There are 2 protein chains.
Amino acid sequence: MGKIKENSTNNINKQYIYECDLSYAVCKIGGRWKLFILSRLKDDKLRFSELKRAISGITERMLTLQLKELEKEGLIKRTVYAEVPPRVDYELTDIARELIPIWDALNTWGGKHRKFIEQQEQSEE
Amino acid sequence: MGKIKENSTNNINKQYIYECDLSYAVCKIGGRWKLFILSRLKDDKLRFSELKRAISGITERMLTLQLKELEKEGLIKRTVYAEVPPRVDYELTDIARELIPIWDALNTWGGKHRKFIEQQEQSEE
DNA sequence: CAGGATCCGGCTTGATACTG
DNA sequence: CAGTATCAAGCCGGATCCTG
């Protein structure tokens, strides 16, 4: 049982009581944009601007913040090339890759749940 | 791609762009207390007061709100008994039960990631 | 190109008191 | 017992402007 006080873009991250590894895990990947970012990096190594374009609606600020957190948490690897203009790219780490089957499963569940709810709403009318 | 405007205790729920079922799923189970509640109900059918005691730190208000959302989303079933004093209990629905293997996997991953990070921090010092 | 810094509103959460 | 109502505060995320 511990409290996390570091700055974070994720409200779930703060003052969260880690009684179990489950909530700990959700802290790491929960949040407004993290799953988007991670799933975009599933197959490719992408640059900052590519990520920005790939994730519609995200601001540079948010992308920066979330990337920084993900890096600190060991989920992505940031590579800076000594070039002009500057070039940075991001890729998943091994431990992040282990999450892929999980979010695939969540994805499947999400689709199923969605259909289920839609049917239910129709039959109510 | 749709936006959700309903009231919710979960900021992730609002104005969320559902491009994929993955983020949709995270909306449903993400949030400050939802996973705690769900995991407490994994094996037992619990009453309001039991849940409150089981989840340290949660206020009645938050418990009420999150339970209401979970019910609306079809993840828990609420049963009211016509007794005095009143009695209500909560249990997982079938579709929520399908999430169990997923959060078990997340739990495992969380533990692994945690150890990994701790080792990393130690070796840095 | 890849960010950093700052300001700010709105939502989420919490504390507390009250009720059928 | 199982909530509801109200008030207050803290945090996230967005907009905008700036830099190496």
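None of these values were measured; they are calculated from a predicted model. All chains are named by letter (A, B, ...) in the order of the sequence lines, taking the proteins before the strands, and each is independently numbered beginning at 1. Below, all heavy atoms of this structure are taken into account, side chains as well, without hydrogens, waters or symmetry copies.
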Under-4.0 Å side-chain N/O to phosphate OP1/OP2 contact, [X] with [N]:
| X | N | result |
| --- | --- | --- |
| A:Gln66 | D:dG13 | yes |
| B:Lys68 | D:dG3 | no |
| A:Arg61 | C:dA5 | no |

Which whole-number value in Å describes the distance from [X] [atom1] to [N] [atom2]?
| X | N | atom1 | atom2 | value |
| --- | --- | --- | --- | --- |
| B:Ile58 | D:dG3 | CD1 | C1' | 13 Å |
| B:Leu51 | D:dC1 | CG | P | 14 Å |
| A:Trp33 | D:dC12 | CH2 | P | 16 Å |
| B:Leu67 | D:dT4 | CG | C1' | 14 Å |
| B:Leu65 | D:dA2 | CG | P | 17 Å |
| A:Ile37 | D:dG13 | CD1 | C1' | 13 Å |
| A:Phe48 | C:dC1 | CZ | P | 11 Å |
| A:Glu69 | D:dC11 | CD | C1' | 13 Å |

Exercise for review: Give the intermediate values and the outcome of side-chain contact (heavy atoms from CB on, under 4.5 Å) for residues B:Arg78 and B:Val80.
Suggested key: CA-CA 7 Å; B:Arg78 181 173 183 265; B:Val80 186; 3.6 Å; yes

Check your understanding: Side chains of A:Asn107 and B:Tyr24: is there a donor and an acceptor less than 3.5 Å apart?
Key ->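 There is no such pair between these side chains.
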
Practice item. Could you tell me whether the side chain of B:Leu106 reaches within less than 4.5 Å of the side chain of A:Asp21, counting heavy atoms only? Key: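 No - every pair of side-chain heavy atoms lies 4.5 Å or more apart.
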
Review point. For B:Thr59 and A:Arg53, take the nucleotide of DNA chain C holding the closest heavy atom to each; which residue's nucleotide lies nearer the 5' end?
Key: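 This one resolves to A:Arg53.
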
Review point. How are the rings of B:His113 and B:Trp109 set to each other: parallel, tilted or perpendicular (split at 30° and 60°)?
Key: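 It falls in the parallel class, under 30°.
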
Check your understanding: Among D:dC1, C:dC1, D:dT4, which is the nearest nucleotide to the side chain of B:Thr64?
Key ->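 So the side chain of B:Thr64 is nearest to D:dT4.
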
Review point. Which nucleotide sits closest to the side chain of B:Met62: D:dG3, C:dG14, D:dC1?
Key: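 So the nucleotide nearest the side chain must be C:dG14.
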
Check your understanding: With a 4.0 Å cut-off on heavy atoms, is A:Tyr81 in touch with a base, just the backbone sugar-phosphate, or nothing at all?
Key ->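 Nothing: the residue A:Tyr81, judged by heavy atoms under 4.0 Å, touches no strand.
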
Practice item. With heavy atoms under 4.0 Å as the rule, sort B:Ser49 into base, sugar-phosphate or nothing. Key: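 The answer is sugar-phosphate, as B:Ser49 gets under 4.0 Å only of primed atoms, P, OP1 or OP2.
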
Review point. Passes salt bridge (Lys or Arg N to Asp or Glu O under 4.0 Å), A:Glu69 versus A:Lys28? Steps please.
Key: CA-CA 9 Å; A:Glu69 276 182 51; A:Lys28 296 306 168 190; over 6 Å; no

